[in-house]
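Report on one structure; see the data block that follows.
Ligands are counted one by one from 1 in listed order, and the atoms in each one are counted from 1 as well. Small disclaimer: the values here were computed from a predicted structure and weren't measured.
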Amino acid sequence: MHILPVMKDILNDKNLIIVSNRLPVTVSKENGELVYTSSSGGLAVAMSSLGISNEKMTWVGWPGIASDELSKSERLQITTKLSAMGCLPVFLSSAQIDKFYSGYANDTIWPLFHYFQSYTQHNADYWLSYKNVNELFRDEIEKLSDQNSLIWIHDYHLMLLPKMLRTIMPNSTIGFFLHIPFPSYEVFRQLPNGDQLLNGLLGADLVGFHIYDYVRHFLSSVMRSVGHDSKYGVLHLSGRMVKADAFPIGIDYDRFASAKKNKVTKKYQKELSKHYKDQKIILSVDRLDYSKGIIKRLEAFEQLLESNKKYHKKITMIVLAVPSRSDVDTYKELRKTIELAVSRINGLYSTVNWTPINYQYRNTPFNELVALYKLADVALVTPLRDGMNLVAKEYVAANSSDTGVLVLSEMAGAIDELHEAIKVNPNDVDSIGQAIIAALSMPKKEQKKRLKIMNARISEYTVQKWGNDFIEQLVEVKALQIHKGKSLIDDNITNDFREDFKRSKKRLLLLDYDGTLVRLQSDYESAKVKPSKQLSGLLTKLTNRKGTDVFVISGRPHKILNKWLGKIGTINLVAEHGAWVKILGKWTKSPISIDSHKKIIIPILEKITARTPGADIEVKTMSVVWHYRKVPTELAYIRKMSLLRELNETIDHSKLSIHQGSKIIEVKPREINKGKIIKKIIDENDYDFIMCIGDDYTDEDMFSVLPQHANTVRVGHEPTTAKYWVKDVDGVLKLLNRLIIPKKPNVIDAIKPTVKKGIKKAAKTGKKLIK
Ligand code: ADQ
């Protein structure tokens, strides 16, 4: 197996830690002996074909056996044996398996995320166990990880884990991939601890889903449930960037496409062809799970036999069902229902030499599975909901140069890539029957044509590509987070700034206000955003420095800025993004007027504010602002969207522009922006030191007009054109303080060299130093 070059490069200096509920190896006990077997299931198949060596990769997960069934020495034996296979076991007790695995994971999240709301169990004990097991995983991973670790967590069993890891290792690189659908918010919100799951996932740097619909559902749940907005799948959480994206998992294409040449497969195929020589074969392959729609499939087949006698003795349905979650009651019931349906249909229609359904409840070996894929005239893949569905892709690959028809549910993620399948609604038994008939009568040429197109697609985005793609993007997100090409301001950079500041003769400081000099508050009008005594003191000191022009630039109204900051030394103020400017103590107003526009805009805002509790309108000289900080998140989203739509349809776009800020929508003249006014200031003066600091998109207007030598600084992690960045307001204040106040030497440096010597000597002799 080859490893794609990108993956190879990344893994040169990284350790990959794969985390999933189950290890790819299952441990069991037979006659008192420990037995190790490879696990079935989509994820195991996917990860085992990534082709990464054991030295570079550790797989962390549960080995599939309850810890209470094992002695201490057996646990040690398992740990040693698995470690040689690149696996680290997380041992779970029977109670944890019951409550965490069968309980919260498979009886709460799985049914709800597959839209089986009536199957969903809400049980406080399940939830506690889920948290507890996620913590167990966290503790094991903590022991393993270092700076170079790349942690890739898989699936719904471990949705709290990314945040748990982020809390103890803030700088770690964490990816999460969900293998099942992410439901729409209306369904997701039924989960009592949904917000904790979302926050858990947001601990990752990259959150992956199979298709874009799930990304959309996730982002909308994040927005509506925990209040974080996103843009193009990117969220900025207190300075950290998180990305959500679609990565449609593929299969190990070559393994399936080339298996037909395998001797064992050929032998099986020959035997099967002989056995079913006069039959058309309809194949059904799944884990035995209610989400897979096996019952409806059987009903459709039964209905077909009932209404079309001509197919009797001519078609056989082979149903392969892998045992799955057989400890969960719903699955026990499902098995009974399936087996009853199979015996009913066989009982009704079998003849001495024809049995309509061949049902096998077991794990089918790979070569046998491929032989069946090759034999089948029709693959009936009709899940009621499925994250992706690998069976559909495996069938297509196994028949790459052959005939065969795929009937595929429109509820499977795979439908986005396999358009040439016959598409069915899995709840519509009639349409499944019609699809089988259409498939059986499809000309061979058409079958080949469709298979060829689908093969071209799935041979491109294989599971190897998928794994590479995810890891590549994870590394990219991390690089973006640490502002590739931008420097985080540290002591060395601050010292350089200080030296430049001291040396220069004419200095300009351009400082945004909210989010830069004071922290953003949840209540916009809050008194807390007034400058503190310390901030006023700092600004006074800066303005008192000879040759230093200080500008505080804000979107706030000029009267407020004047009240809060007007008395500080020789400070200059720019209010309403440049509509008002106070230089040398005198305010001037831009001649532009939007009074006529206000008559149109304000009634629109009033109408929407009246039915939006918590919303406010702020009318400034040159702009109108709609504040929705106090509006409940869900309602805010709906109202914001409809307001934007209405404003976009109404305003004169040649004169006005709409800006979305932090929980505000502002309509202002195109002509007025921070950049325009700053350009005027620098054109009229000859500054040899310029520093400009801001935290939002309006500040980018300033950065872009400043000369090359200016020191531009962005607060927070959002993408920026600034040269430097600081984490938060505290970072800004520290930086400004250090421009004028030298760093205090640390205590030991300040002590006289002779005294230092004495300390060293005392430390050596163990004697106390007496001054
Ligand atoms: P699963 O729900 O397990 O996976 P699927 O994607 O179809 O569903 O993968 C099943 C795998 O098991 C296939 O590789 C198939 O070959 C194998 N398999 C099924 N029946 C078998 C049998 N009788 N004998 C032997 N092997 C059998 C979850 C999600 C899916 C998602 C995958 C991968 O539910 O939506 O596609 O993860 O992300």
Side-chain angles (χ1 to χ4, degrees), residues 18 20-22 24 37-50 105-106 109-111 113-116 152-157 176-183 208-211 213-214 246-253 255-256 259 268 283-294 297 318-325 331 335 338 358-373 376 379-398 406 408-409 411-418 426 458 461-463 466-467 470:
I18 304 282
S20 64
N21 171 54
R22 289 293 289 269
T37 38
S38 292
S39 307
S40 65
L43 176 59
V45 173
M47 298 317 293
S48 65
S49 50
L50 268 179
N106 287 326
I109 303 184
W110 177 276
F113 279 37
H114 285 85
Y115 296 78
F116 286 85
W152 189 2
I153 304 165
H154 290 266
D155 235 356
Y156 60 100
H157 315 86
F176 182 95
F177 189 84
L178 188 73
H179 289 261
I180 63 174
F182 195 97
F209 302 87
H210 285 307
I211 58 172
D213 275 349
Y214 310 155
F247 302 85
I249 198 170
I251 56 165
D252 186 357
Y253 184 81
R255 184 166 181 244
F256 282 90
Y268 275 130
L283 183 64
S284 152
V285 181
D286 319 81
R287 271 186 315 98
L288 194 139
D289 194 297
Y290 49 81
S291 66
K292 302 291 181 182
I294 304 171
R297 212 176 292 165
I318 299 178
V319 178
L320 306 182
V322 196
S324 178
R325 301 167 199 169
Y331 288 76
R335 183 181 169 193
I338 289 173
N358 174 333
Y359 167 74
Q360 301 174 22
Y361 178 65
R362 64 181 169 90
N363 199 347
T364 313
F366 177 73
N367 288 310
E368 209 175 308
L369 183 65
V370 176
L372 282 161
Y373 280 150
L380 204 50
V381 185
T382 57
L384 302 176
R385 288 277 168 182
D386 214 333
M388 173 53 73
N389 195 293
L390 296 178
V391 170
K393 293 185 175 180
E394 290 168 2
Y395 175 75
V396 169
L406 174 66
L408 183 58
S409 159
M411 301 296 180
I415 199 72
D416 281 9
E417 292 163 274
L418 302 173
I458 62 169
Y461 203 77
T462 60
V463 71
W466 169 80
F470 187 90

(message) Contact between ligand 1 and Q360 is defined here as a heavy atom of the residue under 4.0 Å from a ligand atom; is it met?
(response) no
(request) Just jot down the ligand 1 atoms closer than 4.0 angstrom to any heavy atom of L320, in number order. (result) 23 (N)
(message) Quick one, L320 and I318 - any side-chain contact, counting heavy atoms below 4.5 Å?
(response) yes
(message) Test your reading of the model: is there a side-chain donor-acceptor pair from Y214 to the backbone of G387, 3.5 Å cut-off?
(response) yes
(message) Within the 4.0 Å heavy-atom shell around V285, which atoms of ligand 1 are there?
(response) 19 (C), 20 (N), 21 (C)
(message) Show me which atoms of ligand 1 lie under 4.0 Å from any heavy atom of L369.
(response) 16 (O)
(request) Enumerate the atoms of ligand 1 whose separation from the nearest heavy atom of R362 is less than 4.0 angstrom. (result) 23 (N)
(request) Below 4.0 angstrom from a heavy atom of N363, which ligand 1 atoms are there? Numbered from 1 as shown, please. (result) 24 (N), 25 (C), 26 (N)
(message) Within ligand 1, which atoms have a heavy atom of H210 less than 4.0 Å away?
(response) 31 (C), 38 (O)
(message) List the residues meeting salt bridge (Lys or Arg N to Asp or Glu O under 4.0 Å) with R335, not counting sequence neighbours, and say none if there are none.
(response) E339
(request) Using a 4.0 Å heavy-atom cut-off, say whether W110 meets ligand 1 through its side chain, its backbone, both or neither. (result) side chain
(request) With heavy atoms under 4.0 Å as the rule, classify the contact between I251 and ligand 1 as side chain, backbone, both or neither. (result) neither
(request) Number the atoms of ligand 1 from 1 as they appear, then name those within less than 4.0 Å of a heavy atom of G387, with their elements. (result) 35 (O)
(message) Heavy atoms only, cut-off 4.0 Å: how does L390 contact ligand 1, side chain, backbone, both, or neither?
(response) both
(request) State whether E394 and R255 are salt-bridged, where the test is any N-O pair (Lys NZ or Arg NE/NH1/NH2 against Asp/Glu carboxylate O) under 4.0 Å. (result) no
(request) Output yes when R297 and D286 qualify as a salt bridge under the 4.0 Å nitrogen-oxygen rule, no when they do not. (result) yes
(request) For the residue pair S291 and P383, establish whether any side-chain heavy-atom pair is separated by less than 4.5 Å. (result) no
(request) Taking salt bridge (Lys or Arg N to Asp or Glu O under 4.0 Å) as the test, write out the residues that go with D289, two or more places apart. (result) R287, R325
(request) Answer yes or no: is there a side-chain heavy-atom contact under 4.5 Å between I249 and H210? (result) yes
(request) Identify, by atom number and element, the atoms of ligand 1 in contact range of H179, meaning under 4.0 Å from any of its heavy atoms. (result) 29 (C), 30 (C), 31 (C), 33 (C), 35 (O), 37 (O), 38 (O)
(message) Are the side chains of K393 and Y395 in contact, using a 4.5 Å heavy-atom criterion?
(response) no
(message) I want to know if ligand 1 touches K292 in the polar sense, i.e. an N/O pair below 3.5 angstrom.
(response) yes
